[in-house]
Structure formats: structure tokens, C-alpha cells
Undergrad: 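If you scroll down you'll find the structure; I have some questions about it.
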Amino acid sequence: MFNKLFKYIANGIEIHTIRTKLIISFLLIGLLPMLIFSFLSYNIYSGALNDRISAYSIEMINRMERDLEDYIMDIQRFLNREQDFYINQFIKLTQANDFSNNRKYIFRIWEDFENLKQMKPGLEDIAITFQDGRRISSYGLYNIDIDNFDNIPFPNNLEDIYFTPPHKNYLQKEVITLLKPYYTNIAEENVLISADIDIDVLKNLTAFQLSDKSYFFIADKNGRIIFHPQEDKIGTQSIFYRGGFENREIDYNNKEYLLTSTFSELTGWNIISMASAREVKAELNYLKEITIYLTIVILVIIILLALYLSNSLSEPIRKLQELSYKASENDLSVKIDVSGKDEIAQLGKSFNKMIRRINKLLEQNVKEQKLLRKFEMESLNNQIKPHFIYNTLDLIIGLLENNKIEEGAHMVEALGKFFRLSLSYGKEMVLIRNEIKHVKNYLFIQQYRHGEEYKYIVDIEDLKIMDKHIPKLILQPIVENAIYHGILPSEKKGLIIIKGYYKDKNIYFQVIDNGVGIKKEKVKEINNILAGKIKINDQKNYFGLCNVDQRLKLMYGGASGIKIESEFGEKTIVTIRIDRRGGN
């Protein structure tokens, strides 16, 4: 069913026509580059937009990293302070349980911590903590529960800082604690100095917003979330952690995100950006819609232009086709109305010129055929000369009267074959073998008439030419000239040689006689007459040569014909050339 439908549509739109091919070509030429351009533009813009979002995200998290590290380094400078006399004395007296002398140190330490806290926004507390839970901070002197105090790493490097996960401080406020050992020679146990940072500091640092559905969060090097816009996720393990937070596109809760991250060597934290891929793609969808609409508009324009151009180009060709068909049906009166100077107009001019040329050639061909018929009839009439027939019949009668019955019979047979081959059943073209037989019969009759005054040799070098066709009565007039104008006037024993051969795919004949020859001036004159350079008034002069030459030129072109060479008193060579078409 579908195949029939497709064939019906294909036949209906006539794909084989030039107009349809032009339309398809114009559509392909116009539409394919546009589609490729649109596809490449969309992909390049899509890639550029993703790269821009990723670059912007990386720029933001790098900026957050710098701000975070700057803040932490400021806190670290508070914690890495030089050994403080008041803190050292407080530690010494506290370990000695001398609380009465500790009061003046406690007040001074509390005052220093309070001043430091005021200097840095987001710094909630600074404290000195003993291993048994006793603590002095900006809030005062109090005890805390430290169940896992022994699990806190105490590195040998005084510069190292330990970060705690988010937790509630003394005032039940969400903080992150930075702590480090406070090393002093007088301490008998581990003592920590720490700083509590309000979790809102991290919130402010990650307050940048890429889009409505994008966000940032912070996780430690093990994937535990330090800060997240959704507070219930703080302290939980990130589902995006895979031994790290490599940049990638993820699908979470049926939402796509572009994840980019950076790692802070100072804090050991990962700062992660979660950019909404849907919002990025929303801009791409807008671009896609514009591209589709633009493609449709351009497609319509291209189709209209293709129809217009194909019609303007194919209409003259269609008219030329119609007139060509009429011309092929033998209506040679057709003519194209030419307008313009383009290639189709030139084609129309060439068509008109061709029609005129054909008409002229037809007229010329009719004239040539009439002329060829005339020459053939003249040649045939020349064969049937009354004196030739009379002399031959008289010879036959003499043979019979002298009881030379057998020789007379041969003579009658040769004469019959001679005239039969001359007529050739009305055919214009004869096989070369029959033309050779014809000239042999003629030579046989003439040789008997002239009493063995000359001999003849027929030498066909390439026997393949024997089955080729040539115009009849080509050789006999030349041989007749050789006898009457060459051999008989000579006093020596005569010889006529007839050669036939191929050369350069053309057929050649040569009639050679050792008669009286022709003077150079006369040879030149005859060749010029044959070449049409000299006009002759008396058509009877050189009738045989001119008849054969003109018939060959009419049938095979100007390259065919007769050429004469001669050495006066020695020999004459008449060369007959039949152009390669003569071998057909």
C-alpha cells in the first residue's frame, strides 16, 4: 500500500523533469547549509552557555573559597597568638586548684576574649578548655561535657587547626568550632584554645544565587555537609559525594543540576555549586524555538524562490523541448523566440541555427543526390558506348565465323558479366570484389580486342577490403584512360597494375600504367581541375576522371577523390582515396 502511494506521489510530481530537479537542487543548496548552520550554532551556543554557567559557578565558588579562607586565616591569627602571660598564669593556677588567686587573671582573659570577639563579625566565642571540661571564654568560667576529648587530634605542628562539625554552643547557637592545642611548658595536661564561628557566616559566604533553583553548599573532605541552605541536611552525608565532588551533570529528585566544586586546602572543605540545568536549558529551548521558527520562515522563502527560479529556468527549456520534439517529427519550420543573453538564449540561437543548417543541408543533399544520380547515369551511359558494343560484338562475330566457338563464348560471357555488373540491379553501392570482377571483365575484353598489346595485374594487398562497399563504376573509367591515353599510344609492351590496400584506415586504389606518361604541367592542371581550383568549359574533357572524383567527394567528403602522378615517357599513377567511411 505504502509503495503504491509513494509511486503515485513520485509519478505525480514528475521527479524526472528538470523543473523538479531544479527545485530539489535549490532546496538542498539553500536548506542544507542553513540546517547545518542552525545545528552548529545551537550546539556551539549550548556548549558556550554551559561553559559560561560552569565558568561563572567556578568563579563564584573560588571567590567563596577565598573569602572563607581569608575569614578563617583571621581567626587563625587570633588562635596562633604568642604565649600570653595571663593565660599561662591562669592555666598554672587552675591546675593547682588555686581559685582565689585566679580571679584577676580570669577577668583579664575574659576582657581580652570579649574584645577579640567584637573585632570579627560572626565570631561567637573564644575559649580555653581543659581536659576535665573546665572552660574560660567570653561567656565566663564554666564546665562543659567532653566525652570524646581524647579522640581530638593533637598534631605536633603548632599551626594545624581542627574543625568540628556544626554543633550547638553554650548559648545553644549553631556554630562551627576551630580549635588547636595551646602548648605551654607549664601545662600538665592537654589544653585547647578554640573559636566558635556562627553558621550564618557560611550562609553569608554562600549567599550568591546563580538562578532561582540554584544553590551552594559546603561539605568536608569525607562528604559530610558543613552547611546547606536546607538546615535538615547539615551534618548528613552528601549523596553527591563519590570520593570527591568532581564536576558533572547530575539528576536529583527529577531535576538536573550542573555540579561544580573546589577544595580548600586550608579548611579541608569542599565548596559545591549546584546550578539548575533546567534553567540553563530553558534559555536553550528559547533559542531552539527561535531557530525552528527562523528555519521555517527561511524554508518557505527558499521554496518560493526555488519555485520561481526553477520555473524561470525550466520554462525556456520546456519550450525548447517541445520545439525539438516537433523538429524530430520532421517539422523543420519551428523557430524559437530568443530573448536575453544567458546560456538558454544562446542555446535557442544555436537551435535556430541548427534548424537552418539542417534545412540547408537537406536542400544541399537533395541537390547532391540529384547530381550523384546524374554522374552515375553519365558513368553508366559512358559504359554503354555504341562503338565499344559494336566493336565487341563485331569481334565476337569474327570469332564465331572463324569457328573459334569457345573463345567467342568466353567473350560473350565476359560482355554479359560486364554489363550485369555495370547495372548491379540498380544498386548504387557494390562490393569491392564485384568492382574488381567488373574491371577484370573489361580488361579481358579490351585485351582480346587489342591483340595482347599489354598485360594487366590485379594486386589486392589486404583481402579484407574485398567485402567493403564502394560506389560502382569507380575503377573502370580510370583503367580505360590508362589503356587509351597511356598504353596504346606507346610503342612498348604495355602493363597495367591495379592495387588495392588499407592505409590509415582508409581504402586506396592505384591504377599504374607504363605508357607514355603525362607532362608535369599537364599533371598539375589536371590535379587543379580535380581539386576545383580550375573551371573547365567543356565537360567532355577529363569526363571519366571528373565523374569518379566528384562522386567520391559527394559521398565521402573532400578528402576523398583522385590524385594523379606521372613521369613523362615512363609511367602514370592514378591514386583513388576513399575516406574511412568508405569501409562501412
Side-chain angles (χ1 to χ4, degrees), residues 364-365 368-369 371-372 374-376 378-379 382-383 421 424 427-440 442-443 456-483 485-486 496-515 517-518 520 522-536 541-567 571-584:
Q364 181 179 348
N365 186 59
E368 289 179 352
Q369 288 299 321
L371 188 61
L372 187 60
K374 178 185 176 184
F375 287 149
E376 287 178 354
E378 290 176 350
S379 179
N382 188 56
Q383 297 295 310
L421 292 172
S424 300
K427 296 180 181 179
E428 298 178 4
M429 305 294 290
V430 296
L431 292 172
I432 291 178
R433 68 174 65 256
N434 290 334
E435 183 71 7
I436 295 298
K437 288 179 181 178
H438 178 261
V439 79
K440 282 183 177 180
Y442 177 76
L443 283 168
Y456 64 89
I457 299 172
V458 177
D459 179 18
I460 304 301
E461 296 179 4
D462 193 338
L463 295 178
K464 292 180 180 179
I465 70 172
M466 298 293 279
D467 294 320
K468 302 297 180 181
H469 286 83
I470 60 172
K472 63 183 178 181
L473 306 178
I474 293 296
L475 294 176
Q476 185 272 332
I478 309 302
V479 172
E480 182 178 348
N481 283 343
I483 294 172
H485 301 291
I496 297 175
I497 301 174
I498 301 172
K499 290 185 176 182
Y501 57 90
Y502 265 131
K503 182 180 179 183
D504 299 330
K505 297 184 179 180
N506 298 321
I507 296 176
Y508 287 85
F509 291 102
Q510 284 188 328
V511 178
I512 306 170
D513 70 79
N514 63 344
I518 308 172
K520 290 183 179 180
K522 196 66 175 178
V523 170
K524 184 177 181 182
E525 178 185 352
I526 296 173
N527 284 329
N528 286 333
I529 291 172
L530 295 175
K533 297 178 181 179
I534 299 177
K535 300 291 183 180
I536 55 174
N541 293 333
Y542 315 112
F543 172 79
L545 291 174
C546 292
N547 182 281
V548 173
D549 183 73
Q550 289 175 1
R551 281 197 293 145
L552 291 177
K553 282 182 168 59
L554 285 172
M555 295 195 70
Y556 301 110
S560 299
I562 294 175
K563 181 180 179 182
I564 297 177
E565 302 171 83
S566 182
E567 295 180 16
K571 64 180 178 178
T572 299
I573 302 173
V574 179
T575 302
I576 302 172
R577 169 177 169 165
I578 299 176
D579 200 7
R580 64 187 64 191
R581 291 178 297 172
N584 295 333

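Counting from 1, the numbers follow the sequence of the chain as shown. In this text the structure is predicted, and so the values were computed from the model without any measurement.
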Undergrad: Using every non-hydrogen atom in the two residues, find where Leu431 and Met466 come nearest and quote the distance to one decimal.
TA: CB-O, 4.0 Å

Undergrad: Can you check whether Asp467 reaches Arg433 side chain to side chain, under 4.5 Å on heavy atoms?
TA: yes

Undergrad: What distance do Lys520 atom NZ and Glu565 atom CD have between them, rounded to the nearest 0.5 Å?
TA: 12.5 Å

Undergrad: Less than 4.5 Å apart, side chain to side chain, heavy atoms only: is that true for Leu530 and Ile526?
TA: yes

Undergrad: From Lys499 NZ over to Ile576 CD1, what is the distance, rounded to the nearest 0.5 angstrom?
TA: 14.0 Å

Undergrad: Would you check if Val458 and Ile460 make a side-chain contact, meaning some heavy-atom pair closer than 4.5 Å?
TA: yes

Undergrad: Using a cut-off of 6.0 Å, state whether more than 12 heavy atoms not belonging to Lys440 lie near its atom NZ.
TA: no

Undergrad: Give the minimum heavy-atom separation between Ile507 and Tyr502, together with the two atoms involved.
TA: CG1-CE2, 3.7 Å

Undergrad: Which heavy-atom pair separates Met429 from Tyr556 by the least distance, and what is that distance?
TA: CE-OH, 3.2 Å

Undergrad: Applying side-chain contact (heavy atoms from CB on, under 4.5 Å) between Phe509 and each of Val574, Ile562, Ile470, Ile478, report the one that passes.
TA: Ile470

Undergrad: Considering only heavy atoms from C-beta outward, does the side chain of Leu552 approach that of Pro471 to under 4.5 Å?
TA: yes

Undergrad: If you take all heavy atoms of Thr572 and Gly517, which pair is closest and at what distance?
TA: OG1-CA, 3.4 Å

Undergrad: Any side-chain heavy atom of Ile573 within less than 4.5 Å of one from Lys563?
TA: no

Undergrad: CD1 of Ile432 to NZ of Lys464: how many Å apart, nearest 0.5 Å?
TA: 13.5 Å

Undergrad: Please confirm whether the backbone N or O of Ile578 pairs with a side-chain atom of Ser560, one donor and one acceptor, at under 3.5 Å?
TA: no

Undergrad: Is Ile529 close to Cys546 at the side-chain level, that is, under 4.5 Å between some pair of heavy atoms?
TA: yes

Undergrad: Could you walk me through whether Thr575 and Val511 pass the side-chain contact (heavy atoms from CB on, under 4.5 Å) check?
TA: CA-CA 7 Å; Thr575 302; Val511 178; over 6 Å; no

Undergrad: Please tell me if the side chains of Glu461 and Tyr508 come closer than 4.5 Å, counting only heavy atoms from C-beta onward.
TA: no

Undergrad: At their closest point, which heavy atom of Ile465 faces which heavy atom of Gly500, and how far apart are they?
TA: CD1-C, 3.8 Å

Undergrad: Just verifying a value: how many Å separate His485 NE2 and Leu545 CG, rounded to the nearest 0.5 Å?
TA: 8.5 Å

Undergrad: When you measure from the side chain of Arg551 to the backbone of Gly561, do you find a donor-acceptor pair of N or O atoms at a distance under 3.5 Å?
TA: no

Undergrad: Can you tell me how far CD1 of Ile534 sits from CG of Asn528, rounded to the nearest 0.5 angstrom?
TA: 4.5 Å

Undergrad: For Gly515, does its backbone N or O pair with a side-chain atom of Asp513 as donor and acceptor, under 3.5 Å?
TA: yes

Undergrad: Check side chain to side chain contact (heavy atoms under 4.5 Å, CB included) between Ile483 and all other residues, then give those that pass, not counting sequence neighbours.
TA: Tyr442, Leu443, Gln446, His450, Tyr454, Val479, Leu488, Ile496

Undergrad: Of the non-hydrogen atoms in Glu435 and Lys472, which two are nearest, and what is the gap between them?
TA: OE1-CA, 3.8 Å

Undergrad: So, does Asn434 use its side chain to make a donor-acceptor pair with the main chain of Val430 at under 3.5 Å?
TA: no

Undergrad: What I'd like to find out is whether the side chain of Gln510 reaches to under 4.5 Å of the side chain of Ile498, using heavy atoms alone.
TA: no

